[in-house]
**Student:** 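Structure in structure tokens, see below.
Both ligands and their constituent atoms are indexed starting at 1 by order of listing. Model, not experiment: these values are computed from the prediction.
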Amino acid sequence: MTTPVYDFVRGYIEKSPVRAHMPGHKGASQECGFGAAYEYDITEIKGADALFEADGIILESEKNAAELFGAAETVYSCGGSTACIQTMLACACRKKKRIIAARNAHRAFINSCALLDIDVKWIYPVYSDSIVSGDITAAAVGKALSEYDADAVYITSPDYLGHISDIKEISQVCRRYNAYLLCDNAHGAYTAFLKENIHPVRLGADMCCDSAHKTLPVLTGGAYLHVNNEKLVGQAKEYMSMFCSTSPSYLILQSLDMCNAYLAGAFSEELAVTCQKVTELKERLSAVWDICISEPLKLVIHTVSSGLYGYELADILRQDNIECEYADSTHIVFMLSPKNSDDDLSRLRNALEKVRMPKLLINTPHVKLPQMEQAVSIREAAFSECRLVPVKEAAGKICGRAVTVCPPGIAAAVPGERISDEAAEALFKLGITEINVILDSDWE
Ligand SMILES: Cc1ncc(COP(=O)(O)O)c(C=O)c1O
């Protein structure tokens, strides 16, 4: 597969030009370190194309990506999935400005709704024992669509704990109600290359974002916005340009470009081998730990059933120089990829196998996220003046800023929601001690 962006920059470097253009480092900066990275960091010089008006090498590279993922159109983002989520909502929610979303959405979604003044009807997942993850059924989506006239449905799959929703069935329900299905697939770019392709584009989502940087060898910030519905093709660039810098990173663009060649070549085979190794690791560890069912490249452990908080286990593993992706009171999450060596996997296995588990089991309070009344719109609240109050004094007041546990950035309270007594209690149990409430005597 061609790598036109990388090839262009390589050719430019080889010509040793006088760089009388931005950026100011001129291709070399001893003061700032990173060595060769500077050489490859260029701007929109002649022949380099431009991300938001792509008609040259960037367009060719994006078409390569679209072919690999089976999308009608793929647009690169140097602003992560966050910029893709903003763009998806701008494209798909223009008419009614209403969307149905699963409540375990990342805060990037809530911020996008605030920016675009989109109203949300939440579907609450059938939670396991974490507000981060849960099951969203097609039946729940159908019920919400029958009660709420929305432009689109927004589902996060896989979620932070690696739970995958039935996108195929949900997409069929959405089609019945003439609503677009938008999928936050930030954690699942690689799923298109599994033996069984379970990528949302394949399963019927109309648009979907993949943080390429989360699971593929792409620099941080690199993401794909896939468009899978002819009605939405051709709109993304214009909208994405409204949210992003006019100076996108050519380093990120080149890493997305080079990743295409890797995906077209060795990746599927390497992925299959890694998935097999991770499956074996999970099987072996399940003799000792409570391993959760998750997408293939995540190892998720329910730690409390072994008498440890997730963050305690994370600290124990740090002594063995192992850094996890995420840990909270109940779980720990490791994200693995074909770029992890066999040595990485054995170090992880050995470290987990030697952990001493406390004899006494601990209890974590089972916090059920209460459903709150949306007293004012997300936008109105998010842009209102606020004051920070102890969460115990917040009951009856209106939440002014998203209250997230970060990572993973899932909202426990959304701007505009009236905090009930029950909600204030639940937020406190989740470790949230203060909350921004709207400063307006009419609403207080
Ligand atoms: C589920 C989910 N969606 C969206 C995002 C935002 O992605 P990005 O960091 O690529 O902007 C994240 C980031 O962690 C995420 O976990």
**Student:** For atom 15 (C) of ligand 1, what is the nearest protein heavy atom, given as residue, atom name and distance?
**Tutor:** His106 CD2, 3.4 Å

**Student:** Below 3.5 Å, N or O to N or O, backbone or side chain included: is there any such pair between Tyr160 and ligand 1?
**Tutor:** no

**Student:** For Met335 and Leu297: C-alpha separation, side-chain torsions, deciding distance, then whether side chain to side chain contact (heavy atoms under 4.5 Å, CB included) applies.
**Tutor:** CA-CA 6 Å; Met335 284 176 78; Leu297 289 186; over 6 Å; no

**Student:** Can you classify the ring geometry of Phe109 versus Trp122 as parallel (below 30°), tilted (30 to 60°) or perpendicular (above 60°)?
**Tutor:** perpendicular

**Student:** Under a 4.0 angstrom heavy-atom cut-off, which atoms of ligand 1 come close to Ala186?
**Tutor:** 2 (C), 3 (N), 4 (C)

**Student:** Using heavy atoms and a threshold below 4.0 Å, how should the contact between Ala108 and ligand 1 be classified: side chain, backbone, both, or neither?
**Tutor:** neither

**Student:** Under 3.5 Å, N or O to N or O, is Thr82 touching ligand 1 that way?
**Tutor:** yes

**Student:** Below 30° counts as parallel, above 60° as perpendicular, anything between as tilted: where do the rings of Phe69 and Tyr224 land?
**Tutor:** tilted

**Student:** Please write down residue, atom name and distance for the protein heavy atom closest to atom 14 (O) of ligand 1.
**Tutor:** Lys214 NZ, 2.9 Å

**Student:** For atom CZ of Arg202, is the number of surrounding heavy atoms from other residues, nucleotides or ligands below 6.0 Å larger than 12?
**Tutor:** no

**Student:** To the nearest 0.5 angstrom, please state how far the CG atom of Leu182 sits from the SG atom of Cys84.
**Tutor:** 12.0 Å

**Student:** Taking only heavy atoms of Gly80 into account, list the atoms of ligand 1 that are under 4.0 Å away from them.
**Tutor:** 10 (O), 11 (O)

**Student:** With heavy-atom distances below 4.0 Å as the criterion, list the atoms of ligand 1 near His213.
**Tutor:** 8 (P), 9 (O), 10 (O)

**Student:** Among all protein heavy atoms, pick the one closest to atom 2 (C) of ligand 1 and tell me residue, atom and distance.
**Tutor:** Asp184 OD2, 3.5 Å

**Student:** Does the cation-pi check pass for Lys339 over Tyr262, that is, NZ or CZ under 6.0 Å from the six-membered ring centre and within 45° of its axis?
**Tutor:** yes

**Student:** Please report which non-hydrogen protein atom sits nearest to atom 8 (P) of ligand 1, along with the residue it belongs to and the distance in Å to one decimal place.
**Tutor:** Ser81 N, 3.4 Å

**Student:** Which residue supplies the protein heavy atom nearest to atom 16 (O) of ligand 1, what is that atom called, and how far is it?
**Tutor:** His187 NE2, 2.8 Å

**Student:** Classify the ring geometry between His25 and Tyr38 as parallel (under 30°), tilted (30 to 60°) or perpendicular (over 60°).
**Tutor:** perpendicular

**Student:** May I ask you to list the atoms of ligand 1 that are less than 4.0 angstrom from any heavy atom of Ser211?
**Tutor:** 7 (O), 8 (P), 10 (O)

**Student:** Where the side chain of Arg401 meets the backbone of Ala382, is there a donor-acceptor pair that is under 3.5 Å apart?
**Tutor:** yes

